[in-house]
Structure formats: C-alpha cells, structure tokens
**Student:** 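Starting off with a structure, shown below.
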Amino acid sequence: QVQLVESGGGLVQAGDSLRLSCTASGLTFTSYAMSWFRQVPGKDREIVAGIGSSGPNIYYRNSVKGRFTISRDNDKKTVYLQMNSLEPEDTAVYYCAADLSRVITLSPRAYQYWGQGTQVTVSS
C-alpha cells in the first residue's frame, strides 16, 4: 500500500519560513518524480515545484522562484519544500504527489499517488 505522509504546515506571518516534508512508503521512491501542489477553495490544484526521479531536473512555478526550494532525500524516501519569504498569496492546502516518471509533469492528472494535504496559512 502506497502512502505519502506530509508534515510541516502551519500558521505563520508574512516573511516567515516553513519546511514541508513528505515521506513515502510502499513504492520504489527513486523511480518517481515528486511534486508539490497547492489548492485554495474554488480554484484548481496547481503545481508549486517538482523534482525528477534523478538528476537536477527541477521545476518551480514563477511566483515561488527564488523563495521556495524543493529537494529530495532518496535514502529517507522524503521530499522537502523549503518555503521562505512567505506571502499571504501562498495560503493553501499543500499536497505532495508521486508520478512514475523521470520527468516532471505539470498536470495533477498525471500523478498516481497523493498525500492527504497540509494547511499553510500566511497572515499579513
């Protein structure tokens, strides 16, 4: 049984930092591209950042470039999202997702497995 378990969300003030973690089990972690998505009520789920199954293949959406950093530790089967200089517009439920692919796909429909989500709230 595949599980993706996220942690690290919370309530912070604008300008603060948070680090999200997502630990996988039940899959061959090194075979999966891993991404972070976010969603606010009434809007589509959008990709925030992704990291390929191996090598330096990384994607960031424009609004988080220079503020967020995605990384993975294959030994720990964990993907991280370091979020700095948080803005109220970053408020959302954040999900990690796994796609059996070497490359990063931007569409959430491509991903086979999802975490339960963790709330990030940034106050102004």
Side-chain angles (χ1 to χ4, degrees):
Q1 180 182 358
V2 175
Q3 281 192 310
L4 301 179
V5 180
E6 299 126 337
S7 62
L11 171 63
V12 297
Q13 293 187 331
D16 287 350
S17 298
L18 280 174
R19 189 176 82 154
L20 305 183
S21 300
C22 171
T23 300
S25 61
L27 54 72
T28 304
F29 188 69
T30 52
S31 295
Y32 285 79
M34 300 296 297
S35 292
W36 288 94
F37 287 78
R38 66 188 180 189
Q39 189 169 24
V40 297
K43 292 192 174 182
D44 292 337
R45 193 168 294 190
E46 62 183 22
I47 190 167
V48 176
I51 186 166
S53 59
S54 62
N57 185 16
I58 289 178
Y59 167 85
Y60 296 103
R61 70 181 301 106
N62 285 339
S63 61
V64 307
K65 284 181 180 178
R67 301 188 297 122
F68 290 11
T69 303
I70 189 170
S71 61
R72 65 190 294 162
D73 185 332
N74 288 336
D75 290 336
K76 294 182 178 179
K77 295 187 177 181
T78 299
V79 60
Y80 303 96
L81 185 67
Q82 177 67 43
M83 305 187 293
N84 298 329
S85 302
L86 282 160
E87 302 170 353
E89 293 74 22
D90 296 317
T91 296
V93 177
Y94 282 71
Y95 300 89
C96 73
D99 177 25
L100 186 60
S101 172
R102 291 184 180 273
V103 298
I104 302 158
T105 303
L106 304 188
S107 170
R109 291 185 291 274
Y111 290 76
Q112 295 83 46
Y113 302 108
W114 292 85
Q116 80 285 0
T118 185
Q119 177 70 47
V120 172
T121 304
V122 184
S123 64
S124 57

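Keep in mind it's a predicted model, so treat the numbers as computed, not measured.
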**Student:** CG/N84 to OG1/T69 distance, rounded to the nearest 0.5 angstrom?
**Tutor:**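 Here the interatomic distance stands at 6.5 Å.
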**Student:** With a 6.0 Å cut-off on the ring centroids, do W114 and F37 count as close?
**Tutor:** yes
**Student:** Are the side chains of N57 and R102 in touch, meaning some heavy atoms are under 4.5 Å apart?
**Tutor:**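 A side-chain contact under 4.5 Å is absent here.
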**Student:** Indicate if M34 and Y95 have the same hydrophobic cluster label, given that clusters are the connected sets of ILVMFWY residues with side-chain heavy-atom separations under 4.5 angstrom.
**Tutor:**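 No: no chain of side-chain contacts under 4.5 Å links M34 to Y95.
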**Student:** Rounded to the nearest 0.5 Å, how far apart are NZ of K77 and CG of L4?
**Tutor:** 11.5 Å
**Student:** Does one hydrophobic cluster hold both V12 and Y80, with members joined at side-chain heavy-atom distances below 4.5 Å?
**Tutor:** no
**Student:** Tell me if a side-chain donor or acceptor on T118 pairs with a main-chain N or O of S7 at a distance below 3.5 Å.
**Tutor:**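 Not at all, since once roles are kept as given, no pair shorter than 3.5 Å links the two residues.
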**Student:** Does I47 offer a backbone N or O that forms a donor-acceptor pair with the side chain of R61 under 3.5 Å?
**Tutor:** yes
**Student:** Under 3.5 Å, is there a donor-acceptor pair linking the side chains of T78 and T23?
**Tutor:**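 Looking only at side-chain atoms, T23 and T78 do form a donor-acceptor pair, the distance falling under 3.5 Å.
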**Student:** Given 3.5 Å as the limit, does a donor-acceptor pair link the side chain of E6 with the main chain of Q116, or not?
**Tutor:** yes
**Student:** If you round to the nearest 0.5 Å, how far is NZ of K76 from CZ of F29?
**Tutor:** 12.0 Å
**Student:** Do the side chain of S101 and the main chain of V103 share a donor and acceptor less than 3.5 angstrom apart?
**Tutor:** yes
**Student:** Determine yes or no for a side-chain-to-main-chain donor-acceptor pair under 3.5 angstrom, with T28 supplying the side chain and T30 the backbone.
**Tutor:**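 Checking the backbone N and O of T30 against the side chain of T28, no donor-acceptor pair under 3.5 Å is found.
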**Student:** Would you check if V120 and L20 make a side-chain contact, meaning some heavy-atom pair closer than 4.5 Å?
**Tutor:** yes
**Student:** At what distance, to the nearest 0.5 angstrom, does CZ of R67 lie from CG of D90?
**Tutor:** 4.0 Å
**Student:** For I70, is there any backbone N or O sitting under 3.5 Å from a side-chain donor or acceptor partner on Y60?
**Tutor:**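 A pair under 3.5 Å: yes.
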**Student:** Within the side chain of R38, is there an N or O that forms a donor-acceptor pair under 3.5 Å with the backbone of A92?
**Tutor:**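 Absent.
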**Student:** Is it the case that S35 and Y111 place a side-chain donor and acceptor less than 3.5 Å from each other?
**Tutor:** yes
**Student:** Rounded to the nearest 0.5 Å, how far apart are OH of Y113 and CG of D99?
**Tutor:** 11.0 Å
**Student:** L18 vs L86, test: side chain to side chain contact (heavy atoms under 4.5 Å, CB included). Steps then yes/no.
**Tutor:** CA-CA 8 Å; L18 280 174; L86 282 160; 4.1 Å; yes
**Student:** Before giving the answer on side chain to side chain contact (heavy atoms under 4.5 Å, CB included), spell out for Q82 and F68 the whole-Å C-alpha distance, their side-chain angles and the decisive distance to 0.1 Å.
**Tutor:** CA-CA 5 Å; Q82 177 67 43; F68 290 11; over 6 Å; no
**Student:** Give a yes or no on whether Y94 and I58 share a hydrophobic cluster (residues Ile, Leu, Val, Met, Phe, Trp, Tyr; joining criterion: side-chain heavy atoms under 4.5 Å apart).
**Tutor:** yes
**Student:** How far apart are the closest heavy atoms of P88 and A14, and which atoms are they?
**Tutor:** CD-CB, 4.1 Å
**Student:** Without hydrogens or angle criteria, can the side chains of T121 and Q119 be said to hold a donor-acceptor pair below 3.5 Å?
**Tutor:** yes
**Student:** Take M83 and L81 through the side chain to side chain contact (heavy atoms under 4.5 Å, CB included) test and state the conclusion after the steps.
**Tutor:** CA-CA 6 Å; M83 305 187 293; L81 185 67; 3.8 Å; yes
**Student:** Under 3.5 Å, is there a donor-acceptor pair between the side chain of Q112 and the main chain of L100?
**Tutor:** yes
**Student:** Rounded to the nearest 0.5 Å, what separates atom OH in Y32 from atom OG in S53?
**Tutor:** 11.0 Å
**Student:** Would you say R72's side chain and G52's backbone share a donor-acceptor pair under 3.5 angstrom?
**Tutor:** yes
